[in-house]
Protein chains: 2
Amino acid sequence: MGLAGLLLGLVAVPAVLVSTSLRRGAPRAEAEPEPSGWELAADALPEDSLWPLPQRVRTSPRRLQLAPSRFQLVHGAGSSAGPGCGLLQDAFRRYYEYMFGHSRWRAWGRGPLAARAEPELLQLQVVIEAGDPGCDGHPRLASSEACEYRPAASSGRRCALAFPSRAQVCGGAHHLTVTEPVAILKASEVWGALRVEIPFLDIFPGLETFSQLVHEDDYGSFLVNESEINDFPRFAHRGVLLDTSRHYLPLKSILTNLDAMAFNKFNVLHWHIVDDQSFPYQSIYFPELSDKGAYSSNLIYTPTDVRLVIEYARLRGIRVIPEFDTPGHTQSWGKGQKDLLTPCYNRGQPTGSFGPVNPVWNTTYNFMTKFFKEISSVFPDEFIHLGGDEVDFSCWKSNPEVKEFMKKQGFGIDYAKLESYYVQNILEIVSSYNKGQMVWQEVFDHKAQLKPDTVVQVWMANNYASELSRVTRAGFTAVLSAPWYLDYISYGQDWKKYYSVEPLNFPGSEEQKKLLIGGEACLWGEFVDATNLTPRLWPRASAVGERLWSSSNVTNLQDAYKRLTSHRCRMLRRGIAAEPVFVGYCAHEARGP
Amino acid sequence: MGLAGLLLGLVAVPAVLVSTSLRRGAPRAEAEPEPSGWELAADALPEDSLWPLPQRVRTSPRRLQLAPSRFQLVHGAGSSAGPGCGLLQDAFRRYYEYMFGHSRWRAWGRGPLAARAEPELLQLQVVIEAGDPGCDGHPRLASSEACEYRPAASSGRRCALAFPSRAQVCGGAHHLTVTEPVAILKASEVWGALRVEIPFLDIFPGLETFSQLVHEDDYGSFLVNESEINDFPRFAHRGVLLDTSRHYLPLKSILTNLDAMAFNKFNVLHWHIVDDQSFPYQSIYFPELSDKGAYSSNLIYTPTDVRLVIEYARLRGIRVIPEFDTPGHTQSWGKGQKDLLTPCYNRGQPTGSFGPVNPVWNTTYNFMTKFFKEISSVFPDEFIHLGGDEVDFSCWKSNPEVKEFMKKQGFGIDYAKLESYYVQNILEIVSSYNKGQMVWQEVFDHKAQLKPDTVVQVWMANNYASELSRVTRAGFTAVLSAPWYLDYISYGQDWKKYYSVEPLNFPGSEEQKKLLIGGEACLWGEFVDATNLTPRLWPRASAVGERLWSSSNVTNLQDAYKRLTSHRCRMLRRGIAAEPVFVGYCAHEARGP
């Protein structure tokens, strides 16, 4: 993911921010000693609910009021985006709702606020500095800059969110367009090149952070503390894997979880859309795949559904990477596509059952060429996940035609070579459509000839650090998911286990470390469907979210617990049935089934 | 729970049922060999979705049609209940909905069914033979007959559900009142005595079974196979424990789970209503308990809420046993009731923190006398659960007044004696209100002098068989929950573990075995609230439900798996977000959050 220079909510007189001693520096674990005269109890600190913790948070005790009837999210002066930018307009509306709830407050009069001392914050101005704001674009990995996302490579602020206050700035919208906070402008400049490509990717995290800072006091007033936030993600690829084959997930569940992902600053939906059990993807070229391979005719994703998921994700800065896993995990493909899977044999006779995709027939590659042409066009992301995991060789070994082919190719009895042969053919096909590839680690392990920009996903729990080391030593980009298989459940606060993973803790050079571009929380679907998806995933995946976003030294479990419980309550309020972290309650409890 | 002789849906010509070879005998695991000429695939058998498996199921391949626009649940001729019996009317309406869905089918014309060969079943007649149908009564344990519920003590059929068919019975309602099935009438006679007391308790399981037999075919026709069911529960106490203290559960969640309990033939809601963390029960005499002890002022159960839960449960044949656990687990009580908890000391000084209920002050017993007077009146069940588990003695040991009292009483340093002293006082108080008592096993272990009819709940996982043996050897009634702590979660199909428990597998005489009256699935609330309660409990608790209901030799996991997956889909269709058992799908999938 690239980083836009980001300028959110500049509300004048930055000198105050800079000269005043502010409450907390970053990282959180190293907070400055408490200055005297600041009475806020630790519990009341608005940043105690920030999740994931931004890279740099400075919050002053000075508070601003927000009047829901007057407060606006607007395009700032000098922004290249305007009311015609649907992406941003949609985000403004969404975040307004998150901050102030539904219609409850809007009915309030437009007169002065209740007699309070706090000055009023009237606007959050969003300024896109790139020439083309890219309102119609899709988020991208921007892989060539991946290494630059890390603090080590950083030499200044990148994107920033700041809103100092003065009573005098409340006079009108134009006063709020002051862009004096030097730090923030600097950040924009440094990242100018990137901004041109992907100006919106950081708007969403920025809006998310701002909305998390707005809090409601006991009297129903909305307040925000004068703050300065400098933020950027530690890793560019922050994904959640959903599996719609073991169980079908209704569209609503997927969309709800895209919301939750946005609240946790995830930016990749890895859509494990088909597998052995069912083929819910409705293909335009090969409709029989879902006609015969889906669980039932209404448990499918039509082209319209898929477009909706992609657009809903785009509006939240989330990429959708579809996975079409071959040659294994393809039993459901065989139902709608004859002569695709390998016929298994026993004592020289076909058994009537089938194994992985048949790697020796031309028809296989003809089919895949056409199929992936469609996939490449339907899914706009630069990457397609091609799977390649857990290929069972026994059926191939039983098949005389396959054995003959092995001999002819000189593969001996090394079926991993046959697998690589197959995978390389698929990689060629997909490359020809200008798509990058993600694969599961076996593809690398079995020594397939990979394109240099292939992303290898490390999933085997056993000694994944060594695997990361091997993959990156070979110069490939890696994504880690081994320690984050969230379908495995256990009693208690297992989020701590996910949280305590340090992804870069593997043997390797600085260059190698830069090749680990992120990770994914995987929720495989054997025991998950719409009934339990959301509470099983959230807030456990939030732990992964912070690990992938925040600074490496944000590791204090006690601090994380406090913020996570608040964050979980916020998710509840926003309609995500995230399960409890431990005993307690939220101001807005779940209503129940 | 007592057993009513039960006569459900008699639709003529029982001779056919008796003389025809029927598909399956009971128990299911010992099904008769397949008669030739019966073409139904095993998968299509309607009884493949029965859960819990009735004691005796005989299903013929002969099928009857049900027309939603005509089919009626009615009071049969000779029944002492009529349209004035709200309990039964409510059940009729409910089960009509479960069978036919909402309004979808009712719009159908009242003309003849689609051209099908099957005769039509027009009515299910329910005949209550007791003089007083007891429409306004509450379900009871009927503890004196508890031993009689077991097959060992049985000498005939008890309650029965049968619906043979003949085309000629379809002429009108009156023809359906034929009560010829001799077997069923016999069952009624055997259990006449019990019926007087609790005539409805078996109506619900009976209606549940009937509704489970009605199935919809691919063309939208509703069908039921000619069947004969003889059914009774193996254990009288089949409970689910919900904990509303660690997290508040909204009323809606509790009611939804009462529905699910009914679908699984549970008959006791053990309401662990208060604990250390919060006191959501709004007391009439002591409103400060919840004013100060609840998580918040809206997270309480008002007297109206409590009445609603009790009534909703009653309408489903479910008892509500409230637990007010003392002297430990009472931190939240101390907030609203001064001078109740024991002040803890350190080096001769009060620390400001408090321990268990203070057992040495008279004020404690004055409070408890009044408090349990209220509880005895608010909760109609014959039993109150008094807790008594996990009392931490350290605070008592620190308190000089308590130490003085120990000396005076001659307890030495044995604080278990002090605990027993306290518990006996509470037992006396509650007995004076004519309530039976349930207690956790420690109360027995610590040798409190218990009333003979006290029910001891065995919860400690470590060697619970020995504990069952000791409790029953001492002549006390026992309820088992140790192997069924469903808050402990693990990956995979853990229902098998719960299912494979044999409750009577403990050392003891026949008399001792009779004292084990049932069990409870416990869902403690540390990590459970409205977001995840239902999918975490169901269908895992269903495994416990069948173990407590069905015959002891119903243990085949493969057969159970097949029925449980169907049963889970049925729960989904009825609005219970039960999580999946494994990969697959339901005809009516969950809609998603």
Side-chain angles (χ1 to χ4, degrees), chain A residues 243 245-257 259-260 275-278 280 294-296 298-299 485 487-494 524-536 538 568 571-572 575-587 589-593, chain B residues 243 245-257 259-260 275-278 280 294-296 298-299 485 487-494 524-536 538 568 571-572 575-587 589-593:
Chain A
D243 168 3
S245 174
R246 276 61 179 253
H247 287 98
Y248 180 80
L249 294 175
L251 215 53
K252 196 175 164 194
S253 294
I254 297 175
L255 302 186
T256 297
N257 279 279
D259 282 336
D275 205 298
D276 282 330
Q277 285 79 5
S278 74
Y295 278 134
S296 96
N298 59 331
L299 301 181
Y485 266 39
D487 52 319
Y488 293 126
I489 53 171
S490 58
Y491 182 74
Q493 298 191 45
D494 56 2
W524 296 100
E526 280 84 352
F527 299 100
V528 175
D529 70 2
T531 62
N532 59 356
L533 170 68
T534 301
R536 186 154 297 189
W538 307 104
R568 179 254 167 177
M571 285 197 276
L572 268 193
I576 306 297
E579 70 178 17
V581 183
F582 193 46
V583 298
Y585 72 105
C586 299
E589 285 275 292
R591 290 257 176 99
Chain B
D243 169 3
S245 174
R246 275 61 180 251
H247 287 96
Y248 180 82
L249 295 175
L251 215 53
K252 196 175 166 195
S253 294
I254 297 175
L255 303 186
T256 297
N257 279 280
D259 282 336
D275 205 298
D276 282 329
Q277 285 78 4
S278 73
Y295 277 135
S296 96
N298 59 332
L299 301 181
Y485 267 38
D487 51 320
Y488 292 127
I489 53 170
S490 57
Y491 182 74
Q493 298 192 44
D494 56 2
W524 296 101
E526 280 84 352
F527 298 99
V528 175
D529 70 2
T531 61
N532 59 356
L533 170 68
T534 301
R536 186 155 295 189
W538 307 105
R568 179 255 167 177
M571 285 197 277
L572 268 193
I576 306 298
E579 69 177 18
V581 183
F582 192 46
V583 298
Y585 71 106
C586 298
E589 285 275 293
R591 290 257 176 98

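Here is the naming used below: chain letters follow the sequence lines, and residue numbers restart at 1 for every chain. Being a predicted model, the structure only gives us computed values, none of them experimental.
The SG atom of Cys586(A) sits 10.5 Å away from atom OH of Tyr295(B), with the distance rounded to the nearest 0.5 Å.
Neither the backbone nor the side chain of Leu249(A) comes within contact range of chain B; no heavy atom of the residue lies under 4.5 Å from a heavy atom of that chain. Both the backbone and the side chain of Ile489(B) come within contact range of chain A, with heavy atoms under 4.5 Å apart. Both the backbone and the side chain of Glu526(B) come within contact range of chain A, with heavy atoms under 4.5 Å apart. Using a 4.5 Å cut-off between heavy atoms, Ile576(B) makes no contact with chain A at all. Using a 4.5 Å cut-off between heavy atoms, Gln277(A) contacts chain B through its side chain alone, with no backbone atom that close. For Asn257(B), no part lies under 4.5 angstrom from a heavy atom of chain A.
Residues that satisfy the salt bridge (Lys or Arg N to Asp or Glu O under 4.0 Å) test with Asp259(A), not counting sequence neighbours, are Arg316(A).
Put simply, of Gly525(A), Ser253(A), Ser296(A), Ser278(A), the one with the most heavy-atom pairs under 4.5 Å next to chain B is Ser253(A).
Shown here for Ala577(A) and Thr531(B), the closest heavy-atom pair between the two residues is O-CB, 3.5 Å. Considering every non-hydrogen atom in both Phe527(A) and Gln493(B), the closest pair reads CE2-CG, 3.7 Å. A pairwise comparison of heavy atoms in Asn532(B) and Pro580(A) identifies ND2-CD, 4.0 Å as the closest pair.
Residues Tyr491(A) and Tyr488(B) meet the side-chain proximity criterion, which asks for heavy atoms closer than 4.5 Å.
Applying the salt bridge (Lys or Arg N to Asp or Glu O under 4.0 Å) test to pairs two or more places apart or on separate chains, those with a residue in residues 575-584 of chain B are Arg536(A)-Glu579(B).
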